[in-house]
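Structure first, then comments.
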Amino acid sequence: MSFASSSRPTRPARPPGKRRGALVPTLVVLGAIVVLVLILAQVWTEVLWYDQLGFLEVLRTEWGTRAILFAIGFLVMGAAVGLSMRYAYSSRPVYAPSTPEQASLDQYREAIEPLRKVVMIAGPALVGFVAGVMASQQWDTVQLWMHAQHVGTQDPQYGIDLGFYLFTLPALRFVVSFLVAVVVIAAIASLATHYLYGGLRIGGSKDTPRTTRAARIQLGVLGAVLMVLVAVNYWLDRYSILTKTADKFDGASYTDVHAVIPSKAILAGIAAFVAVTFVVTAIRGNWRLPLIGVGLMIVAAIAVGGIYPAVVQRFQVQPNQQDAESEFIERNIDATRVAYGIDDIETTEYDANVTAAPQALRDDAETAASIRLLDPQVVSPSFKQLQQVTNFYSFPDTLSVDRYQLDGESQDTVVAARELNLSGLEASQRNWTNDVTVYTHGYGVVAARGNTTAGRGAPSFFEGGIPSTGELGDYEPRLYFSPESPAYSIVGGPEDSTGWELDYPTNDGGGSVNTRFPTQDVSAGPEIGNAWNKLLYAVKFGSEQILFSDRVTADSQILYDRSPRERVEKVAPYLTLDGRVYPAVVDGRVKWIVDGYTTSSEYPYAAQVTLDSATADSLTQSSSAIEALQPKTANYIRNSVKATVDAYDGTVTLYAWDDQDPVLKAWNEIFPTSLQPLSEIDGQLMSHLRYPEDLFKVQRELLTRYHVSDPAQFFTGTDFWAVPDDPNATGDVAQPPYYMTLRMPKQESASFSLTSTFIPFGQQARNVMRGYMAVDADAGAQDGEKAAEYGKIRLLELPRDGSVPGPGQVNNNMTTDSAVAEEFTLLGRGGAKIVRANLLALPVGEGMLFVQPVYLQAESGTTFPLLQRVIAAFGDDVAISETLDGALDAVFEGDSGVDTDNSGGGGTTPDPDEPGTPEPEPGDPGTGEPDGDEAQARADLADALARAQAAIQDSQTALAEGDFAAYGDAQDALDAAVEDALDAESRLAGSDGTASTSDLDPTPAPSATS
């Protein structure tokens, strides 16, 4: 009888009612739920955002492509590494060679063995995950490959259609590079495993095999595959060399074509031969042959790929470099001009005069009358003081230039949207309810004439105030989407409520005008009425108030990602966006207009440009409202898309502006429902579309060199230009281009243009004018059609003798001119600050005219600039006056051939020789005869001064009472009184001048925010 069973320890009885704890499983479940909610708060809310905006296809295509590429990358890399390790382990020798080295490896094997299975799973998975992430980032490259377009132009070296370089070659390089990484990592993993388990031996006796048969086959196959990929890589290098960068010019040079390209073909052949030696080794077992082959490939890479091209360059090219490189420089010039859209430039030799002749402005009256005196970079404080109205609205630091039909004519205007500015609120006003549900939107557009000012030099507003009034007609003034919008707002209360979203305070100061966004009729953001969406958005924005606030109702919508640039970037991820976004009133709505570019860095022979440096200027450095382009290199760019964002409901519309662009064609196939055809642009929107600044800046950067068409002259570089520095900025920073209306030589009529100047290249070069560039920037007002001249670039080449001063010299001449210095001394009395505005250059009077408005503002307290003087320069002649007319008259020796409005510093005086101009009558100023109407003039002056004083008092009273309508009427009365006073004073010219407008209180009326 066995008693073994009695010796077994008995398991202690479990206490009654004692069960396994549920804490750990509960925590695991809760943790999983939390992680899931956190993920969905970022992922599902993106789905809701794209779906509401109507661009879910974009998100689905991008995420779907990324997911597929991630899966492929993960599986290929993970499987290759995992299978290599498993094969190496499974084929390990049963008995490892007995060597001192192997004895030390036994210790490592014993230490690793408990974790071996985990390592063989986790290692490949981790490497595969990294590879999948890297592969997913190439989703756009793969999509362009799948939708490659035929360009119709062949490269000059191989005669291959350019579509191969733009779409196919980048994808092939990606695939080959990825496979090389897979093979290298798999080979490293198999080498390590074989070495650890005895399949590969280092050292030992010569009689002992260095590798097992299985290790030899595996490593031989991997080596052969790697060499095949290296051969393919060498072969593709032959095509990629057409986009290489160099000091003199980009693209393949003489040495590249005659030495480097053949050497790449030779190296590809050698790599293929070495691949065969690895296969032979896998079969026969001799490693000597592939080692010799690898050594041969290294020697060939040094000799054929390095030394031979250097010898050709040194002894064949350099002694005759100009002649040798001529053909390839010409290729570079032709390709660059096409790639950047500067191949159809109208170049004119402009023999500019430097001496102003009387009556020289007569032929350029239209240009002179349109000179923009209002500087959008300077007058923002004036807009804020005179039109901001309340502290929670504001304007950007740099305003926009547009054009509108005023009095039947197209006029340059300075425009700004009154955006929401929560930072303007007092700390006591800042809370979640106010920030998210009350202060939700901006209000209205403010616009002023560009070439005239109102009384006292203030902007001449033709649209402004709250409620918005002016010449733009009725439009929806509420701006829920703008560059400075807060992170998110929740809009839409119960349908039967008046709403709690604030428009503006009432005139009596005791209440406010509120509104309710009509969420039942208009969709501006995802719905947030249900509990699930509340939870997700509460997590997304870290605001538990979203869950518990009574203002989040079943009718509510949440608005976020509200910047126009951000919205366009998300729905069109393939675009590079212009740094400036500007508002326009179109069809009863405020629309933000955004220019989008398609770019590539794979255009054969075209010059590479770093976009952010090419588009940086004094505005991008001083204004947060304007950005440079992305920090990326490109050698091809097209303004292929015009985008609009509705400021009221956030609708994004993309128009295919350049439907001939092959890159845009490819993206249109990838996202077939995203783009609207050009014919969908109506006339009103078309009238506000303009030539984009960043494209212009990239083109002018290229034209500093590529205005030269002769290869020999390009090689010497003696006629290269540079963009001048901004005279008003500190440091070496480029002068920005300027929008203005002008007529170029040989142009039939004046047009809205974007302009820039050029000076000779070199730090020691003189700051003289060498070139002037203008592009027709007005797209026109034709339904679905661009204006015929839109985008036409005209380039003036000025005399090489340097007789025409450049912006730097002109600025120096203006600063040192005695009359200007005297005026500045007088203006600066009393602590006023002088602000010199943009220095505009215009080709008028058969020469180059420079005009610079001069503003005055207080040094402290409530400060905003008012236009007080205008400086004009022609050649070395400089004049300063209270009006543009006076400055032009002085420079052109009494030339008064332009008949325009003379208010507030703009315009010029009528020409007395023009038909219909009355002859001076006895008693008029300048006749030397007694003035019989002097008493009447003095009476009119006194009356005007009295009315001006009364208007100032009325302005102060209206402002104190919060009556903005009365305030606007008082300001209009003040402007009229000042104009009447100026008219009366002009009739007193020649008298003793005892009465003048200096009797008027020079202190401007207080602004709406004083």
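Every heavy atom of this structure was used, including side-chain atoms; hydrogens, water molecules and symmetry mates were not.
- With sequence neighbours left out, Glu484 forms a salt bridge (charged side-chain N to carboxylate O under 4.0 Å, His left out) with no residue at all.
- When side chains are defined from C-beta on, Val698 counts as touching Thr615, because their heavy atoms get closer than 4.5 Å.
- Counting heavy atoms from C-beta on, the side chains of Gln377 and Ser623 never come closer than 4.5 Å.
- In this model, no donor atom of one side chain and acceptor atom of the other lie less than 3.5 Å apart for Tyr603 and Asp250.
- The environment of Asp732 atom CG is sparse: at most 12 non-hydrogen atoms of other residues, nucleotides or ligands sit within 6.0 angstrom.
- Contact between Arg403 and Met686 at its shortest, heavy atoms only, is NH2-O, 4.4 Å.
- A distance-only check finds no donor-acceptor pair linking the side chain of Ser756 to the backbone of Met773 [under 3.5 Å].
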Requested in this report: Start with the C-alpha gap between Ser640 and Thr598, add the side-chain angles, then the distance that decides, and say whether side chain to side chain donor-acceptor pair (under 3.5 Å) holds.
Outcome: CA-CA 6 Å; Ser640 53; Thr598 47; 3.2 Å; yes

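- At least one donor-acceptor pair under 3.5 Å links the side chain of Asn767 to the backbone N or O of Gly808.
- Formation of a donor-acceptor pair under 3.5 Å by the Tyr350 side chain with backbone atoms of Gly847 is found in this model.
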Requested in this report: Go through the steps for Asn813 and Phe850 under the test side chain to side chain contact (heavy atoms under 4.5 Å, CB included), then give the verdict.
Outcome: CA-CA 11 Å; Asn813 293 343; Phe850 288 85; over 6 Å; no

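- Applying the ring-ring contact (aromatic ring centres under 6.0 Å, His included) test to Tyr582 and every residue at least two apart in sequence or in another chain returns nothing.
- Taking Tyr739 as the reference, Phe752 meet the ring-ring contact (aromatic ring centres under 6.0 Å, His included) condition, with sequence neighbours excluded.
- Among residues two or more places apart in sequence or in another chain, the side chain to side chain contact (heavy atoms under 4.5 Å, CB included) test is passed with Pro381 by Phe864, Pro865.
- Taking the six-membered ring where the residue is Trp, His707 and Trp721 present parallel rings, their angle staying beneath 30° rather than reaching 60°.
- Here Ile793 contributes atom CD1 and Arg700 contributes atom CZ; the two are 12.5 Å apart, rounded to the nearest 0.5 Å.
- Side-chain contact between Arg743 and Glu748 is absent, with no heavy-atom pair separated by less than 4.5 Å.
- Leu654 approaches Ala572 most closely through the heavy-atom pair CD1-CB, 3.9 Å.
- Separation of atoms CG (Leu675) and OG1 (Thr653) is listed at 11.0 Å; rounding is to 0.5 Å.
- Listed for the Asn728 side chain is a donor-acceptor partner under 3.5 Å among the backbone atoms of Ala837.
- The CG atom of Leu849 sits 6.0 Å away from the CG atom of Leu888 when rounded to the nearest 0.5 Å.
- Val768 has its side chain within reach of Gln809: a pair of non-hydrogen atoms, C-beta onward, lies under 4.5 Å apart.
- With hydrogens and angles disregarded, no donor-acceptor distance shorter than 3.5 Å links the side chain of Glu471 to the backbone of Phe462.
- For the atom pair CD of Gln385 and OG of Ser380, the computed distance is 10.5 Å after rounding to the nearest 0.5 Å.
- Residues Asp612 and Thr620 form no side-chain contact, since every pair of their non-hydrogen atoms from C-beta on lies 4.5 Å or further apart.
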**Report entry** Residue pair Gln608, Thr245: steps toward the side chain to side chain donor-acceptor pair (under 3.5 Å) verdict
**Finding:** CA-CA 7 Å; Gln608 296 277 356; Thr245 59; over 6 Å; no

**Report entry** side chain to side chain donor-acceptor pair (under 3.5 Å) between Thr413 and Glu463, intermediate numbers included
**Finding:** CA-CA 11 Å; Thr413 59; Glu463 182 72 30; over 6 Å; no

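- Within the 4.5 Å cutoff, side-chain heavy atoms of Ser709 are placed close to those of Arg337.
- Distance CG/Leu689 to CD1/Ile593: 5.0 Å, rounded to 0.5 Å.
- Side chain of Arg418 to main chain of Pro477: no donor-acceptor pair is present (N/O by atom type, distance under 3.5 Å, no hydrogens or angles).
- Counting heavy atoms from C-beta outward, Pro486 and Arg562 have side chains that approach closer than 4.5 Å.
- Using a cut-off of 4.0 Å between Lys/Arg side-chain N and Asp/Glu carboxylate O, Asp375 and Arg836 are scored as not salt-bridged.
- The distance between the ring centers of Phe761 and Phe720 does not fall below 6.0 angstrom.
- Between the side chain of Asp726 and the backbone N or O of Val733 there is no donor-acceptor pair closer than 3.5 Å.
- The shortest heavy-atom contact between Ala634 and Tyr340 is O-OH, 2.8 Å.
- Note on ring orientation: taking the six-membered ring where Trp is involved, the planes of Tyr574 and Phe671 are parallel (angle under 30°, cut-offs 30° and 60°).
- Panel note: side chain Asp661, backbone Leu664; a donor-acceptor pair is recorded below 3.5 Å.
- Nearest heavy atom pair, residue Val645 against residue Gly650, reads CG1-O, 4.1 Å.
- Atoms OG and CG, on Ser687 and Asp682 in that order, are 8.5 Å from each other to the nearest 0.5 Å.
- A search for side chain to side chain contact (heavy atoms under 4.5 Å, CB included) contacts involving Gln411 returns Leu406, Arg449, Asn451, not counting sequence neighbours.
- Remark: the backbone N or O of Ala339 is paired with a side-chain donor or acceptor of Arg638 at under 3.5 angstrom.
- Tyr605 has its ring centre no less than 6.0 Å from the ring centre of Phe249.
- Considering all non-hydrogen atoms of both residues, Trp657 and Asn639 come closest at CD1-O, 3.3 Å.
- The closest side-chain donor-acceptor pair between Thr741 and Ser370, if any, does not fall under 3.5 angstrom.
- Nearest heavy-atom pair across Ser394 and Lys384 is OG-CE, 3.9 Å.
- Between Glu569 and Arg565 there is a salt bridge, with a side-chain nitrogen of the basic residue lying less than 4.0 Å from a carboxylate oxygen of the acidic one.
- In summary, the side chains of Tyr691 and Asp595 do not present any donor paired with an acceptor at a separation below 3.5 Å, with no hydrogens or angles considered.
- Checked for salt-bridge contact, Arg794 and Glu346 meet the test: a charged N lies under 4.0 Å from a carboxylate O.
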Report task. Take Asp649 and Thr651 through the test side chain to side chain donor-acceptor pair (under 3.5 Å) and record every step on the way to the result. Result -> CA-CA 6 Å; Asp649 62 18; Thr651 300; 2.8 Å; yes

Query raised in the report: After noting the C-alpha distance and the side-chain angles of Lys786 and Asp658, does the key distance pass the salt bridge (charged side-chain N to carboxylate O under 4.0 Å, His left out) rule?
Result: CA-CA 11 Å; Lys786 305 176 191 177; Asp658 186 354; 5.6 Å; no

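- A heavy-atom distance below 4.5 Å is found between the side chains of Asp646 and Lys591.
- Taking 4.0 Å as the cut-off between side-chain N and carboxylate O, Arg690 and Asp778 do not count as a salt-bridged pair.
- Evaluation of the side chain to side chain contact (heavy atoms under 4.5 Å, CB included) rule for Ser751 yields Gln747, Ser753, Asp776 as partners, not counting sequence neighbours.
- The six-membered or imidazole ring of Tyr772 lies away from that of Phe758, with a centre-to-centre distance of 6.0 Å or more.
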